[in-house]
Amino acid sequence: MTRYTPAETEPKWQKAWDEAGLFAAKRDPSKPKYYVLEMFPYPSGALHIGHVRNYTLGDVIARYKSAQGFAVLHPMGWDAFGLPAENAAMERGVHPGDWTYQNIAAMKDQFRALGLTLDWSREFATCDPEYYGQQQAMFLDFLEKGLVYRKKSVVNWDPVDMTVLANEQVEDGRGWRSGAVVERRELTQWFFRISDYSDALLSALDGLDNWPEKVRLMQANWIGKSRGIEIPFHPVGDGDPITCYSTRPDTLRGATFLAISPDHPVAIDLAAHDPAIAAFIEDARKMDTTEAAMEKAEKKGIETGISVLHPVYADRHLPVWIGNFVLMDYGTGAVFGCPAHDQRDLDFARKYDLPVVNAFHLPGDTTDVTDIALVPPKTTEVVYVDHFAGIDIITSQEAIDATIDYFEANALGVAKVNYRLRDWGLSRQRYWGCPIPVVHCDSCGVVPEKKENLPIELPKDVSFDRPGNALDWHPTWRQVPCPKCGDAARRETDTMDTFVDSSWYYARFTAPQAETPTDRQEADYWMNVDQYIGGIEHAILHLLYSRFYARAMIECGHLPEAAAEPFDALFTQGMVTHAIFQGFAADGRREYYFPEDVALRDGKAFRKTDDTEVEIIPSAKMSKSKRNVVNPVAIIERLGADTARWFVLSDSPPERDVEWTDAGAEATSKHLARVWALSDRIARMDDTDAASGADDALMREMHKAIRDVTLGIESFGFNAAIAKLYAFTNVLMKSKASHAAQRKAVMVLAQLMSPMTPHLAEDIWGHHGGAGFVAQAPWPVADESWLVDDKLTMPIQVNGKRRSELLVAKDAPKAEIEAMALADEAVQRALAGNAPKKLIVVPGRIVNVVI
RNA sequence: GCCCGAGUGGCGGAAUUGGUAGACGCAGGGGAUUCAAAAUCCCCCGCCGCAAGGCUUGUCGGUUCGAGUCCGACCUCGGGUACCA
């Protein structure tokens, strides 16, 4: 009897796979290709259990597709630029690059221990000059095509990280990474023209059938398309009109004032001569910068003294106010206020004593709005106070559209579609990022670097003794000749947002050593990513940027047209969670306990030090401070990679969170040991026994297992696939079939398990004389003829409730089933001598007796 | 506020198109083995009930011979998002 010893066998198989070059992706036009990609990790230095789940999910797909005969590309790299490296540099005095590459080396070993089918020959880090040099080359291409530009703009400034953030990176007024309250600053920045693609990015979402609906919706909301109209309001007296944007021109009837942004040109003009207005604008800008609680901030305004004419009722003069709630960079920076039908406008009107005029009422109710704005859903019937647009009964999106058309037809305004999506600001005032390859020259202005000078490498000799951008105070790095005139000039010190790095790495994996950003032969063959796997947290930022980037790369010829949507299918996996053990220290402070410091009894937890019961908070996100982080390296050392892989796949569906429990991991390990023992027992069986009656039953179960596991993997139902594997294993353990049949069954079991537990599968395969690696064996196919039983049990219902069952031949005629059903004891009892009202027989399915 | 998603035993969850609800696992209970324990193996395990039987997929209603699955209303939880005009 040999024992299951993953600590010995797992490294052995990993080495054997490596030496056989099993996972090196090869372009093979004779095979269909399959590109499976998990979102590449940030090299923090330590593998997280969430990584184990993410990469195991992808590995199951990769191994399965490979067994199906696909040429599989399954690469891995490192999203290696970013702030943690600079923080480490500041705290520990190491260079960000050294820190990063050390982390990569450590993490790579941990990845290898998982037995993933990764093609390490394609590995790169985004901080490799070979990678970011190509990114710089592409930046120059984008510049030439006008896909990237420079403008002065008010930006989100993170005062802790001392850098600019994109709108997408501001959450609740705070920096997504630092959590610091974001300030507004005016800086000259580089921008990608992602907003030019608003409509393309929105409409293409419809075609992404294999993306989660949720992600598509989130992106659609983020792009935020709205159809409306720009309406000019002419001033009373002379002057240029002020144009307002509205998606509800039907409420123009109720307009009583105009509000313009503090950044509106009219406001700025007035400020030059009016100190009160200047002070207000100053104040409004400051307010924006300070409080994250600006959600609750007071709506404030100041009168400009200007009045405009209502475009329809010329006798109505509307005062123009400057409002701190009007955004300059959405629409036109000016709105008309309709207090009766907008709560914000109503609050503003009440505060400054502006008139409130209803544009419509609910039918049968002509009371005017007082404190609560009348905002019925778009489908509600309303009665307008006036009939100027020809639409005067029902409001609906169609009615609003008709109003817009009417306005346009009568030269009252111009229809306009607006998007919430803004251009993507990519400048970051950081050292550890991809340098933007331009030079500032006093005579030539902003000059792109020459491609032959690429990569513009980061200097190694930098210090991090003060916050901010180390490139700014490097003694010489900035000083370069102008690529155009040759005079002394200054290199741009801003680097690119790290989201740029991750917006095209998937394309680079198709030819990581190419001298150009991509190799079109390779890219044309491997793109698109057939299955992309990652966390839902990237639903907007990374996935939207990548979709834009692919389009931009196509414009520059770096990708084929067909790669506009680079990810054919997307899967977002859930987190791995763990219970928190929470109690109170002697001084009454709340404290948390590591799992190893807690004893579990009868579903309760007790502190080991003094046996006090502590609270169990189930299924919580892992966090170091809550002491509920599980270390995958320790798990792999103790129980093996196969146990970790199997556990994270079992129980919960992959899109949901799965709770890690030590008991569950132990149980998994025991199960794998049982499977190994089963294999061992079969290997030692006397093989002289003839085929027995039990053989057919076992073969039938085996083919069902092939069918069900295959279906489970195909549909991302890995937990269900694993349940079937358990069931099949249980059958095999009890089987009295011949050695030949059992040997066949256990080898198929090994094949079916191989995507999840590849090392154990190789052990079993080899144990039974399987040829080569199980990793290279073609996926088993279920034989239909084994899947049909000649007899089946049919449930009998009485009035829809199951009362009995019937064993019938699979092709039994309906009349025979009816007769058998009526003769059934339970049915007889229910009928009590009466005839049934109705008898429903669905052959092969069910019998229902209606009384 | 608006937009999504989800509610099934003590727990995680399973259930092609409406057709035997609770697969599989965890936890729990009982037993075998053992001097004892660990390990291993066997049995039980939705709820009520001695039983016959009844009830059961968040709640209420509907469609249907038949509803976890379809329709309507509501409740709870989770996620996203917002001075966007």
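Chain identifiers are assigned alphabetically (A, B, ...) following the order of the sequence lines, protein sequences preceding nucleic acid strands; residue numbering begins at 1 within each chain.
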J.: Considering every strand and a 4.0 Å limit on heavy-atom distances, what is the contact class for A:Thr661: base, sugar-phosphate, or nothing?
T.: nothing

J.: By nearest nucleotide on RNA chain B, pick out whichever of A:Glu213 and A:Ala720 is the more 5' one.
T.: A:Glu213

J.: Using the benzene-type ring in the case of Trp, are the ring centres of A:Trp321 and A:Phe280 under 6.0 Å apart?
T.: no

J.: Only counting residues at least two apart or in another chain, list the ones meeting ring pair (Phe, Tyr, Trp, His ring centres under 6.0 Å) with A:Phe257.
T.: A:Phe348

J.: I need the minimum non-hydrogen distance between A:Pro262 and A:Val326, along with the two atoms involved.
T.: CD-O, 3.8 Å

J.: Could you check whether any side-chain N or O of A:Thr729 sits under 3.5 Å from a backbone N or O of A:Leu725, counting only pairs where one atom can act as donor and the other as acceptor?
T.: yes

J.: Taking the side chain of A:Lys734 as heavy atoms from C-beta outward, which of B:G19, B:C42, B:A14 is closest to it?
T.: B:C42

J.: Give the nucleotide from the list B:G25, B:G19, B:U56 with an atom nearest to the side chain of A:Tyr726.
T.: B:G25

J.: Once you apply a heavy-atom cut-off of 4.0 Å, does A:Val326 come out as touching a base, just sugar-phosphate, or nothing?
T.: base

J.: Taking only distance into account, with no hydrogens and no angle test, what donor-acceptor pairs under 3.5 Å do side-chain atoms of residues 705-718 of chain A form with protein atoms, sequence neighbours excluded?
T.:
from: A:Thr710; atom 1: OG1; to: A:Ile706; atom 2: O; distance (Å): 2.5
from: A:Thr710; atom 1: OG1; to: A:Trp779; atom 2: NE1; distance (Å): 3.0
from: A:Glu714; atom 1: OE2; to: A:Tyr64; atom 2: OH; distance (Å): 2.5
from: A:Ser715; atom 1: OG; to: A:Leu711; atom 2: O; distance (Å): 2.9
from: A:Ser715; atom 1: OG; to: A:Gly712; atom 2: O; distance (Å): 3.4

J.: Please work out whether B:G9 sits syn or anti, treating a glycosidic angle within 90° of 0 as syn.
T.: syn

J.: In which stems does RNA chain B show up, taking only runs of three or more Watson-Crick or G-U wobble pairs whose two distances fall under 3.5 Å?
T.: B:1-7 with B:75-81, B:10-12 with B:24-26, B:28-32 with B:40-44, B:46-48 with B:53-55, B:58-62 with B:70-74

J.: Indicate whether OP1 or OP2 belonging to B:G5 is found under 4.0 Å from a side-chain N or O atom of A:Lys214.
T.: no

J.: Looking for any heavy atom pair under 4.0 Å, which part of the strands does A:Gln797 touch: base, sugar-phosphate only, or nothing?
T.: base

J.: Are the charged groups of A:Arg684 and A:Asp680 less than 4.0 angstrom apart, N to O?
T.: yes

J.: Quick one: does any side-chain atom of A:Ser246 pair with a main-chain N or O of A:Arg248 as donor and acceptor, under 3.5 Å?
T.: yes

J.: If you look at every strand shown and take non-hydrogen atoms under 4.0 Å, does A:Tyr330 touch a base, only sugar-phosphate, or nothing?
T.: base

J.: When we call it a touch if two heavy atoms are under 4.0 Å apart, what does A:Ser246 touch: a base, just sugar-phosphate, or nothing?
T.: sugar-phosphate

J.: Of the options B:C24, B:G19, B:A85, whose atoms approach the side-chain atoms of A:Leu327 most closely?
T.: B:A85

J.: Touch check for A:Val850, heavy atoms < 4.0 angstrom, all strands: base, sugar-phosphate only, or nothing?
T.: sugar-phosphate

J.: Mind checking if A:Arg803 touches a base, just sugar-phosphate, or nothing, with heavy atoms under 4.0 Å?
T.: sugar-phosphate

J.: When you check the phosphate oxygens OP1 and OP2 of B:G13, does a side-chain N or O of A:Arg656 lie under 4.0 Å from one of them?
T.: yes

J.: Between B:U16, B:A21, B:A39, which one does the side chain of A:Lys670 approach most closely?
T.: B:A39

J.: Taking only the side-chain heavy atoms of A:Ala667 (C-beta and beyond), determine which of B:U20, B:C26, B:A85 contains the nearest atom.
T.: B:C26

J.: Where the side chain of A:Asn730 is concerned, which of B:A85, B:C24, B:G13 is the nearest nucleotide?
T.: B:C24

J.: Is A:Arg674 close enough to B:C41 that one of its side-chain N or O atoms is under 4.0 Å from OP1 or OP2 there?
T.: yes

J.: Are OP1 or OP2 of B:C65 and a side-chain N or O of A:Asn799 less than 4.0 angstrom apart?
T.: no

J.: Look at the side chain of A:Pro795 and decide which nucleotide, out of B:U20, B:C24, B:U81, has an atom nearest to it.
T.: B:U20

J.: If only side-chain N and O atoms of A:Asn848 are considered, is one of them under 4.0 Å from the OP1 or OP2 phosphate oxygen of B:U20?
T.: no

J.: Mapping A:Asp342 and A:Val658 onto RNA chain B by nearest heavy atom, which one lands closer to the 5' end?
T.: A:Val658

